[in-house]
Number of protein chains: 2
Amino acid sequence: MNKSCIIAQSGGPTAVINCTLLGIVEEAKRMGFEHIYGALNGIEGVLNHRIVELTNQTHDQLQLLMSTPGAALGSGRHQLKSTEQDPETYQHIQKVFESLGIDCFFYIGGNDSMDTCNKVANYFAKTNFSCNVIGVPKTIDNDLQGTDHTPGFGSAAKFVSTTISEIYVDTNSYKKGRVTIVEVMGRNAGWLTAACKLADLSNTPVDLIYLPERPFDLNSFLQDVQAIYNKKQKVLVAVSEGIRDANGQYILKTVAQNKNDSFGHTQLGGVAQTLCDIISEQLSLPVRHIELNLLQRCSAHISSAADAQEAYNCGVFALQMATQGHTCKMVSMFRDSQYHISLQLKDIDNIANAVQIVPDKYINEQGNGITDDFVTYALPLVQGEVPQHYKNGMPQYYQLDLPLVEIKL
Amino acid sequence: MNKSCIIAQSGGPTAVINCTLLGIVEEAKRMGFEHIYGALNGIEGVLNHRIVELTNQTHDQLQLLMSTPGAALGSGRHQLKSTEQDPETYQHIQKVFESLGIDCFFYIGGNDSMDTCNKVANYFAKTNFSCNVIGVPKTIDNDLQGTDHTPGFGSAAKFVSTTISEIYVDTNSYKKGRVTIVEVMGRNAGWLTAACKLADLSNTPVDLIYLPERPFDLNSFLQDVQAIYNKKQKVLVAVSEGIRDANGQYILKTVAQNKNDSFGHTQLGGVAQTLCDIISEQLSLPVRHIELNLLQRCSAHISSAADAQEAYNCGVFALQMATQGHTCKMVSMFRDSQYHISLQLKDIDNIANAVQIVPDKYINEQGNGITDDFVTYALPLVQGEVPQHYKNGMPQYYQLDLPLVEIKL
């Protein structure tokens, strides 16, 4: 097949973003693509002519991608202006693609990346440039519309739920413990924080879980914490980084203002730290705050096998659909009642820049816990473990060590 | 064998503290011990008569201990006064042991726990009570004298080095990155922070590593950070929580004082956060601080198989030595040049309350990195992975659900 494609990655990496890359590359190889290119650091790699060729990478080299975190091609956060504002950039992209004979372009990313796909695909349509553009989703936040869930979420959920289970067991070792507050990522969507509910299945239930989907009431929170501490002499809390008060203000800010900067960190700490400060001050209970931080998106050593496989399959499907002539679409996952996942294409313009939040049915009435319905939803996503590549007890990762391709415009 | 023993756990748990418990219990079962007791929450369980019997636990139940973090018997931090100050407590312990017919007592713990062993064993010797007392070390800090290393360190080192490798790969995804500072536990010893050097073996070398064994000079640090940032547009730093300045003051305190509380957190944050604040203020570079926190001692899902096996073997050895009549000793590990570990007994009174710090040969001349000699030392300790018990994608832990034994004094 006399075809060529180019792949790029964008936005915050996930533990399985490279599985999608591998899926595209391997399917392109199986289909006999002549050239398989990778643009470095997202769309910027196209603009800066930082492009490598992956066609001759061996199976053994590529296989490491299944357990390599980070974006193997490098990531970026470059956002394109509209075609009206900046037509030169789109011309430039098209010229680079023409010079390489690109037939399809794959962009693995989140909301912003789908917006880039949309703009590029629309420009190509307008200029009648025959290059099919497919977006493949990835985000640990699971906040993308038009798909049952996003690749990357399951692995982050497995890390978060396993880790909070371990924290439960550790803190439970003491008769008289502390209030431990674990801060979980997810921006304005509480999906990843909700994953702490899965700890129930390890017999290590988290006491209180707060998502940004419900207004956070400080007084109710303090009452809940005190009541549980009185009963158990320890409390385990999970909070989403994005929780807000009834006025829609982030808790961190509310507190800083109300307190006249008495918590005046030169750099705002996390919400867990702020809540610990308040508990310590108002309830005089011993506290500990834990931010799971970057580990949530890069702990590939505990990736979910289901997630990794789905991420791979999304890549394969993207390549197949582009080859069949589809463009300006995003790969999405649809589930039936038996959790059979089928892959579909969705119009990308309905998806870009829209946020999918956690529906009401997954949050309990008091807004301090998660329902069993969520467990039914999330459990299939954390199944299985990905075989790791260890050498001498240390993980081995895919190393991108390829020369830049010469671009002649 | 008409013998009975009692086991307790104390201090901060490790990922493999329960492997030692399992080693003692299984060896006692093999030797046909009549009763195998566990005291809950350390020596307090003896004093409060919170004791369970493990004798009839099945192999399948007990096997979960190999991958269960936390202290399965519960931990504590109770310190005994001297026998002169508080003879009643020692009498009480002895009476409880007599009522249960205890022949040997095993205490799994760190420095403080060895001190407890020492006091109890000396009291028993004085009263001619025939009960052999053996301490079995555990600490992620690796700061115990009289042993090549401590059970628990290898698993914490595997978690820390794997995690910092993953952080490297993730942060390396961006062309223009940040100064990322990872804070590692270890109190006044830098062993666990030094383990970040193992990331070299994943081709993910950490740029700067600071241990408490060398005075921390803020100006040299800022110069180092700036120089590396200029070259790479990103810097990865590991700092020990216990780093101090040339006057022996913890960096956190030095800064807070010099700054007249301009960093006035009501609760002191970690040293990584403080250093990030300074870099942001003085170098205007983008920063991120990551505290690995409790995860360092409870991430059983990535325990080192070598460490888990050694922890188990130490338990087996403790039981054997007590049965042979040894008392007031700590199990220690000795290594030959081929990393063959042999177990020995050490006099406990030389060990209790002494701290083993990282020797000079493992720290580079500038005090901002670790030598390859350390890698030779530490690498055998992180070998292999412990099979995990997952059900439905979630870890399953040992659940202690046993009635208290009735004590008749």
Side-chain angles (χ1 to χ4, degrees), chain A residues 13 41 68-71 74-76 158 161-163 165-167 169-175 198-199 201-204 262-267 269 273 276-277 280-281 287-288 290-291 293-295 297-302 304 379 382-385 388 390-397 399, chain B residues 13 41 68-71 74-76 158 161-163 165-167 169-175 198-199 201-204 262-267 269 273 276-277 280-281 287-288 290-291 293-295 297-302 304 379 382-385 388 390-397 399:
Chain A
N41 300 103
T68 298
S75 189
K158 192 176 180 90
S161 54
T162 299
T163 296
S165 290
E166 292 173 332
I167 290 171
V169 174
D170 183 283
T171 54
N172 206 42
S173 298
Y174 294 96
K175 264 204 300 186
L198 297 177
L201 292 143
S202 297
N203 279 310
T204 55
S262 84
F263 298 90
H265 312 148
T266 55
Q267 183 187 33
Q273 185 171 359
C276 279
D277 287 347
S280 175
E281 203 178 276
V287 290
R288 185 195 296 272
I290 301 176
E291 279 185 56
N293 216 305
L294 279 196
L295 283 59
R297 72 183 203 199
C298 69
S299 289
H301 73 268
I302 188 172
S304 147
L379 198 55
V382 301
Q383 295 303 305
E385 294 74 46
Q388 300 296 305
Y390 285 103
K391 189 176 156 190
N392 268 323
M394 287 296 297
Q396 301 301 302
Y397 303 121
Q399 307 277 334
Chain B
N41 300 104
T68 298
S75 189
K158 191 175 180 91
S161 54
T162 300
T163 297
S165 289
E166 291 173 333
I167 291 170
V169 175
D170 183 283
T171 55
N172 206 42
S173 299
Y174 294 96
K175 264 203 301 185
L198 297 177
L201 292 142
S202 297
N203 279 309
T204 55
S262 83
F263 299 90
H265 313 148
T266 55
Q267 185 187 32
Q273 185 171 359
C276 278
D277 287 347
S280 176
E281 202 177 278
V287 290
R288 185 195 297 271
I290 301 176
E291 279 185 56
N293 216 306
L294 279 196
L295 282 59
R297 72 183 202 198
C298 69
S299 290
H301 73 268
I302 189 173
S304 147
L379 198 55
V382 301
Q383 295 304 304
E385 295 75 46
Q388 300 296 305
Y390 286 103
K391 190 177 156 187
N392 267 324
M394 287 297 297
Q396 302 301 303
Y397 302 120
Q399 307 276 335

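Keep in mind that this is a model prediction, so the values were computed, not measured.
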Within this structure, what is the [atom1]-[atom2] distance for the pair [X] and [Y], rounded to the nearest 0.5 Å?
| X | Y | atom1 | atom2 | value |
| --- | --- | --- | --- | --- |
| A:Glu385 | B:Glu385 | CD | CD | 13.0 Å |
| A:Leu294 | B:Glu166 | CG | CD | 11.0 Å |
| B:Asn293 | A:Glu291 | CG | CD | 9.5 Å |

Heaviest contributor of heavy-atom pairs below 4.5 Å to chain B, chosen from A:Ser161, A:Gly74, A:Gly384, A:Ser202, is A:Ser202

Structural part of [X] lying under 4.5 Å from a heavy atom of chain B:
| X | value |
| --- | --- |
| A:Asn392 | both |
| A:Lys175 | both |
| A:Thr204 | side chain |
| A:Leu201 | both |

Give the minimum heavy-atom separation between [X] and [Y], together with the two atoms involved.
| X | Y | answer |
| --- | --- | --- |
| A:His301 | B:Thr162 | ND1-CG2, 4.0 Å |
| A:Tyr397 | B:Ser165 | OH-CB, 3.7 Å |
| A:Gly393 | B:Lys158 | O-NZ, 3.0 Å |
| B:Gln399 | A:Asn203 | NE2-CB, 3.2 Å |

In terms of heavy-atom proximity below 4.5 Å to chain A, should [X] be classed as side chain, backbone, both, or neither?
| X | result |
| --- | --- |
| B:Leu295 | side chain |
| B:Thr171 | side chain |
| B:Asn41 | side chain |
| B:Gln388 | neither |
| B:Ile167 | both |

Side-chain contact, heavy-atom cut-off 4.5 Å: B:Pro69 with A:Asp170?
->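 No. Closest side-chain heavy atoms not under 4.5 Å.
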
Of all residues at least two apart in sequence or in a different chain, which pass the side-chain hydrogen bond (donor to acceptor under 3.5 Å, both in side chains) check with A:Tyr390?
->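 Result, side-chain hydrogen bond (donor to acceptor under 3.5 Å, both in side chains) vs A:Tyr390: none returned.
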
For A:Gln383, check side-chain hydrogen bond (donor to acceptor under 3.5 Å, both in side chains) against everything at least two apart and list the hits.
->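 A:Gln383 satisfies side-chain hydrogen bond (donor to acceptor under 3.5 Å, both in side chains) with no other residue.
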
Please determine, among B:Val382, B:Leu379, B:Ile302, B:Thr163, the option with the most heavy-atom pairs under 4.5 Å with chain A.
->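 Sorted descending by pairs with chain A, the first entry is B:Ile302.
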
Is a side-chain donor or acceptor of B:Ser173 paired with a backbone partner of A:Gly70 at a separation under 3.5 angstrom?
-> no

Take A:Thr68 and B:Val169 through the test side chain to side chain contact (heavy atoms under 4.5 Å, CB included) and record every step on the way to the result.
-> CA-CA 8 Å; A:Thr68 298; B:Val169 175; 4.2 Å; yes

